Amino acid sequence: MTVPDVIIIGAMKCATSTLAAQLGAQDGVFLTQPKEPNFFSDDDIYAKGAEWYGALFEGAGAGDIKLEASTHYSKRPTYPHTIARLQASGARPKLIYIVRDPVDRLVSHYIHEWTQGVIPCGLDEAVQSFPELIEYSLYGKQITPWIDAFGADAILLLTMEDMTKDPQVVLSRVGSFIGHDNLEWFTTLGRVNASSERIKRFPFHRILFDNKIAQTLRRSLVPKSLRDALKAKRQMQARPVLSAEIQAGLRDIFAADGRILAGHFPRETAIEDLYSKGSI
């Protein structure tokens, strides 16, 4: 079975797509298409078999570093079999885990699910009704079984905040970790998969809005003022903010988990900055 040399395992909404795109643009690195196959996590995709997964790497050249990036791999308990399946494949990949301020990640996750029509309610209610919003921000809890399975030395912990502040420095750290010198950050690529527009999608959205023919008809038949008004009704006008009470409770939860994360990576000084709005 062809297996990856490097996997970006998450976390969701922490610039994993941006880092994957940067690495995929480098000579000597091969990134799968799709970049996020979710093979070891999703039952229906895993059922496609090892041959299907191995075929994703067929375009890799001799000596290329084979890379995939699936954020489902750090979404426990939603996907409980990921690590066991990866171990069964015989792979011993280097793992990259990108995190960010846990509350900020949660809010971005909520926005993503709101735009997809998965979460229909407000942010405070969503935190209490959709436990995965919290679970995927429990970085210490998510990474612990990976450390148990592959060892801390196999994992590079990065923060989105550091990557935003000095992307070339972070990319150079990645290069040292994966054994690829002289990686260059391509500013022309920009951010990938950023949830800035916050437009709610619904059934038939692609047919009615993403289809080029539909776009042409809409622009020729519907006045722009009406189109703008309809768009505004589907748009989250501002980034939502948690109530002070909910946020205080979350900070306590994340601070406890942050201590677990810091224990796994005691030399990673950037961890403390993640919890600067609270304390670890």
Side-chain angles (χ1 to χ4, degrees), residues 1-76 79 81-99 142-143 145-158 160 163 167-186 188-193:
M1 176 181 181
T2 304
V3 293
D5 302 302
V6 180
I7 304 177
I8 301 174
I9 61 173
M12 176 189 183
K13 308 310 296 182
C14 292
T16 56
S17 294
T18 296
L19 180 60
Q22 288 289 335
L23 290 173
Q26 310 290 327
D27 291 336
V29 178
F30 179 83
L31 174 64
T32 59
Q33 294 298 326
K35 67 95 181 169
E36 195 162 357
N38 295 319
F39 176 70
F40 296 103
S41 54
D42 295 35
D43 293 345
D44 57 336
I45 299 177
Y46 189 70
K48 294 181 178 182
E51 196 170 310
W52 175 88
Y53 184 65
L56 297 179
F57 301 97
E58 285 181 349
D64 279 356
I65 295 171
K66 299 183 292 296
L67 168 72
E68 69 124 309
S70 297
T71 61
H72 283 194
Y73 295 170
S74 57
K75 291 182 177 180
R76 298 173 61 242
Y79 301 102
H81 306 301
T82 301
I83 295 174
R85 288 169 175 171
L86 182 58
Q87 287 178 304
S89 75
R92 297 292 298 181
K94 293 185 176 181
L95 306 166
I96 299 173
Y97 188 43
I98 315 175
V99 299
Q142 292 291 341
I143 205 63
W146 286 97
I147 292 173
D148 292 342
F150 295 100
D153 290 342
I155 301 168
L156 176 64
L157 182 74
L158 304 173
M160 192 182 89
M163 195 161 72
Q168 182 58 56
V169 168
V170 170
L171 191 63
S172 295
R173 284 189 64 195
V174 174
S176 296
F177 178 69
I178 67 176
H180 191 307
D181 295 329
N182 303 317
L183 296 183
E184 178 186 357
W185 187 274
F186 296 108
T188 53
L189 288 179
R191 288 185 64 192
V192 179
N193 202 25

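Reckoned from all heavy atoms, side chains included, excluding hydrogens, waters and symmetry mates. Note that the coordinates shown come from a computational prediction; the quantities given were computed from them, not determined experimentally.
For the atom pair Leu56 CG and Leu31 CG, the distance stands at 10.5 Å (nearest 0.5 Å). Here the straight-line distance linking atom CD of Glu36 with atom OG of Ser17 works out to 6.0 Å at 0.5 Å rounding. One finds the CG atom of Asp42 at 8.0 Å from the OG1 atom of Thr82 (value rounded to the nearest 0.5 Å). With values rounded to the nearest 0.5 angstrom, Asp44 atom CG is found 11.0 Å from Phe39 atom CZ. Distance check, rounded to the nearest 0.5 Å: CD1 of Ile45 to CG of Asn38 gives 5.0 Å.
Minimum interatomic distance between Cys14 and Ile98 (heavy atoms only, all atoms of both residues): O-CG2, 3.2 Å. Between Lys75 and Met12, the closest heavy-atom pair is NZ-SD, 3.5 Å. Between Gln22 and Glu184, the shortest heavy-atom distance links the atoms OE1-O, 4.0 Å. Heavy atoms only, all atoms of each residue included: Ala149 and Ile83 are closest at CB-CG2, 3.5 Å. When all heavy atoms of Val3 and Ser89 are compared, the closest pair comes out as CG1-OG, 4.0 Å. For Phe150 against Pro93, the heavy-atom pair with the smallest separation is CE2-CD, 4.3 Å.
Other residues, nucleotides and ligands contribute over 12 non-hydrogen atoms within 6.0 Å of the CG atom of Asp148.
Residues satisfying the side-chain hydrogen bond (donor to acceptor under 3.5 Å, both in side chains) test with Asp64, not counting sequence neighbours, are none. Contacts of Thr32 classified as side-chain hydrogen bond (donor to acceptor under 3.5 Å, both in side chains), with partners at least two apart in sequence or in another chain: none. Qualifying salt bridge (Lys or Arg N to Asp or Glu O under 4.0 Å) partners for Asp5, counting only residues two or more places apart in sequence or in other chains: Lys66.
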task = List the steps, then state whether side chain to side chain contact (heavy atoms under 4.5 Å, CB included) holds for Leu183 with Leu23.
result = CA-CA 8 Å; Leu183 296 183; Leu23 290 173; 3.8 Å; yes
task = Under the side chain to side chain contact (heavy atoms under 4.5 Å, CB included) rule, what do Lys94 and Leu156 come out as? Steps first, then yes or no, please.
result = CA-CA 8 Å; Lys94 293 185 176 181; Leu156 176 64; over 6 Å; no
Thr16 and Ile9: CA distance, side-chain angles, deciding distance, side chain to side chain contact (heavy atoms under 4.5 Å, CB included) verdict = CA-CA 8 Å; Thr16 56; Ile9 61 173; over 6 Å; no
request  = Report the C-alpha distance between Leu171 and Gln26 in whole Å, list the side-chain angles of each, state the deciding distance to 0.1 Å, and finish with yes or no for side chain to side chain contact (heavy atoms under 4.5 Å, CB included).
outcome  = CA-CA 11 Å; Leu171 191 63; Gln26 310 290 327; 4.0 Å; yes
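Looking only at side-chain heavy atoms (C-beta outward), Ile143 and Trp146 come within less than 4.5 Å of each other. Contact of the Val99 side chain with the Tyr97 side chain is registered, since non-hydrogen atoms from C-beta on lie closer than 4.5 Å. With a 4.5 Å cut-off on side-chain heavy atoms, Leu86 and Ile7 count as touching.
Among residues at least two apart or in separate chains, there is no salt bridge (charged side-chain N to carboxylate O under 4.0 Å, His left out) pair with a member in residues 18-33. Listed by first then second residue, pairs satisfying side-chain hydrogen bond (donor to acceptor under 3.5 Å, both in side chains) with a partner in residues 169-180 read Gln168-Ser172, Arg173-Glu268, not counting sequence neighbours. Each side-chain hydrogen bond (donor to acceptor under 3.5 Å, both in side chains) pair with one or both residues in residues 46-62, not counting sequence neighbours, appears once here: Tyr53-Glu68.
Between Arg85 and Asp43, at least one side-chain N (NZ, or NE/NH1/NH2) sits under 4.0 Å from a carboxylate O, which counts as a salt bridge.
Results of the side chain to side chain contact (heavy atoms under 4.5 Å, CB included) test with Leu19 over Ile8, Val170, Leu67 single out Ile8 as the only residue that passes.
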